[in-house]
Amino acid sequence: MKTVVFDLDGTLADTSGDLIAAANACFRDMGAGDVLDAGTDAGTALRGGRAMLRLGMERLERAGDEATIDAYYPKLLEAYARDIDTHTVLYDGAMDAVERLRTAGYFTAICTNKPEGLAETLLTRLGVRDAFHAMLGADTLAVRKPDPEHLFETARRAGGDPAKCMLIGDTDTDRKTARAAGVPCVLVTFGPAGGDMAALDPQALLSHYDDLDGIVADLIGAA
């Protein structure tokens, strides 16, 4: 069976607002106020908590202060967990596309570098966890993206053949994962870094989820 595997942050949902808010809670705790901006720093937010903390520390002229970043990373996760779905929204048409794929006979799954517990909480609160046959987070296995085993095991747990999957993502990490796995990669262009996706040379670009069905059929065939 064939599996369509999705990244989460920046691919299925725009989580940047809640991530930025969690990072700014850390900077306020440092006495620095809100250092990051939800509008201009969304791309950094979707690269993860440490990326946000590093950007903020650079702006505070404390670049390279990894000790402070390490100390505040757990605090960032705690702040994020408290308000994980305040600003987060699913991208237009995303869940309709997932449902169409399931109806057509594909397995659907999520492979994310967000910690598993946070991903489970977010998907449950958004009311979409049951739409996916499997969900693996950054700490589900001993490895994570771009290690291809993270993707392969996601497909296995969904019930599919790992050699017959594809990955929908929004970052160079997703592109590297699919390349290492030897499977097709589709990168979305509607996220904050959408303009950079073509340079990563994916098998296809996705500008709206209405187009996903045809792309999937072209790349891996019918379910």
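Atom set for the values below is all heavy atoms of this structure, side chains included, hydrogens, waters and symmetry mates excluded. The chain is numbered in sequence order, starting from 1.
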Report task. Go through Glu58 and Arg54 one step at a time and tell me if the salt bridge (Lys or Arg N to Asp or Glu O under 4.0 Å) criterion holds. Result -> CA-CA 6 Å; Glu58 289 172 7; Arg54 289 192 179 99; over 6 Å; no
Requested in this report: Decide side-chain hydrogen bond (donor to acceptor under 3.5 Å, both in side chains) for Thr68 and Arg62; before the verdict, give the C-alpha distance in whole Å, the side-chain angles of both, and the deciding distance to 0.1 Å.
Outcome: CA-CA 9 Å; Thr68 298; Arg62 295 172 61 182; 3.2 Å; yes
Requested in this report: Any chance you could lay out the side-chain contact (heavy atoms from CB on, under 4.5 Å) test for Met1 and Lys164, step after step, and finish with the verdict?
Outcome: CA-CA 7 Å; Met1 291 289 289; Lys164 297 179 180 178; over 6 Å; no
Report task. Mind running side-chain contact (heavy atoms from CB on, under 4.5 Å) on Leu19 and Tyr80 for me, showing each step along the way? Result -> CA-CA 6 Å; Leu19 289 164; Tyr80 181 55; 3.7 Å; yes
Query - Verdict with reasoning, Phe6 to Leu101, per side-chain contact (heavy atoms from CB on, under 4.5 Å) - result: CA-CA 12 Å; Phe6 297 82; Leu101 291 171; 4.0 Å; yes
Requested in this report: Starting from the C-alpha separation in whole Å, work towards a yes-or-no answer on side-chain contact (heavy atoms from CB on, under 4.5 Å) for Ile84 and Leu118.
Outcome: CA-CA 8 Å; Ile84 198 169; Leu118 291 176; 4.1 Å; yes
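Although no hydrogens or angles enter the test, the distance criterion places no donor-acceptor pair under 3.5 Å between the side chain of Arg157 and the main chain of Leu136. Gln203 places no side-chain N or O within donor-acceptor distance of the main-chain N or O of Pro184, the cut-off being under 3.5 Å. A distance-only check finds no donor-acceptor pair linking the side chain of Asp7 to the backbone of Thr112 [under 3.5 Å]. A donor-acceptor pair under 3.5 Å links the side-chain atoms of Lys2 to the main chain of Ala222, judged by distance alone. Put simply, the side chain of Asp147 never gets that close to the backbone of Val143: no donor and acceptor are under 3.5 Å apart. Judged by distance alone, with hydrogens and angles left aside, the side-chain atoms of Thr140 form a donor-acceptor pair with the main-chain N or O of Gly137 at under 3.5 Å. Remark: side-chain polar atoms of Asn113 are paired, donor with acceptor, to backbone N or O of Lys145 under 3.5 angstrom. With hydrogens and angles ignored, the 3.5 Å screen pairs no side-chain donor or acceptor of Arg125 with any backbone N or O of Asp85. Not a single donor-acceptor pair under 3.5 Å links the side chain of Asp9 to the backbone N or O of Asp14. In this structure a side-chain-to-backbone donor-acceptor pair under 3.5 Å is present from Asp18 to Thr86.
Hydrophobic clustering (ILVMFWY, side-chain heavy atoms < 4.5 Å, transitive): Phe107 and Met95 are in distinct clusters. The hydrophobic clustering, which links ILVMFWY residues whose side-chain heavy atoms are closer than 4.5 Å, places Ile110 and Phe152 apart. One hydrophobic cluster, built from ILVMFWY side chains closer than 4.5 Å, cannot hold both Leu187 and Val4; they sit in different ones.
For the atom pair Cys165 SG and Leu219 CG, the distance stands at 12.0 Å (nearest 0.5 Å). Going from atom CG of Leu212 over to atom OG of Ser207 covers 11.0 Å, rounded to the nearest 0.5 Å. Between Thr154 atom OG1 and Glu149 atom CD the span is 9.0 Å, to the nearest 0.5 Å. The distance from the CZ atom of Arg144 to the SG atom of Cys111 is 11.0 Å, given to the nearest 0.5 Å. Once rounded to the nearest 0.5 Å, the distance linking NZ of Lys176 with OG1 of Thr173 reads 6.5 Å. Here the CD atom belonging to Glu99 is positioned 8.5 Å from the OG1 atom belonging to Thr108, to the nearest 0.5 angstrom.
Salt bridge Asp41/Arg59: present, at least one basic N to carboxylate O contact under 4.0 Å. Asp161 has no carboxylate O lying under 4.0 Å from a charged side-chain N of Arg156, or vice versa, which leaves the two without a salt bridge. Ion pairing between Arg28 and Asp34 holds under the 4.0 Å rule for side-chain N and carboxylate O.
Between the side chains of Asp174 and Thr177, no donor-acceptor pair is found at a separation under 3.5 Å.
A cation-pi arrangement, defined by a distance under 6.0 Å to the six-membered ring centre and an angle within 45 degrees of its axis, is present between Arg50 and Tyr73.
You'll find the ring centres of Phe190 and Tyr209 inside the 6.0 Å limit.
Between Thr88 and Leu126 the shortest side-chain heavy-atom distance falls below 4.5 Å.
Crowding of Asp37 atom CG: a count of heavy atoms from other residues, nucleotides or ligands under 6.0 Å exceeding 12.
Considering Thr11, Leu8, Val186 as possible partners of Asp170, the one that fulfils the side-chain contact (heavy atoms from CB on, under 4.5 Å) test is Thr11.
A pairwise comparison of heavy atoms in Pro202 and Met197 identifies CD-O, 3.5 Å as the closest pair. Between Ala204 and Ile215, the shortest heavy-atom distance links the atoms CB-CG2, 3.7 Å.
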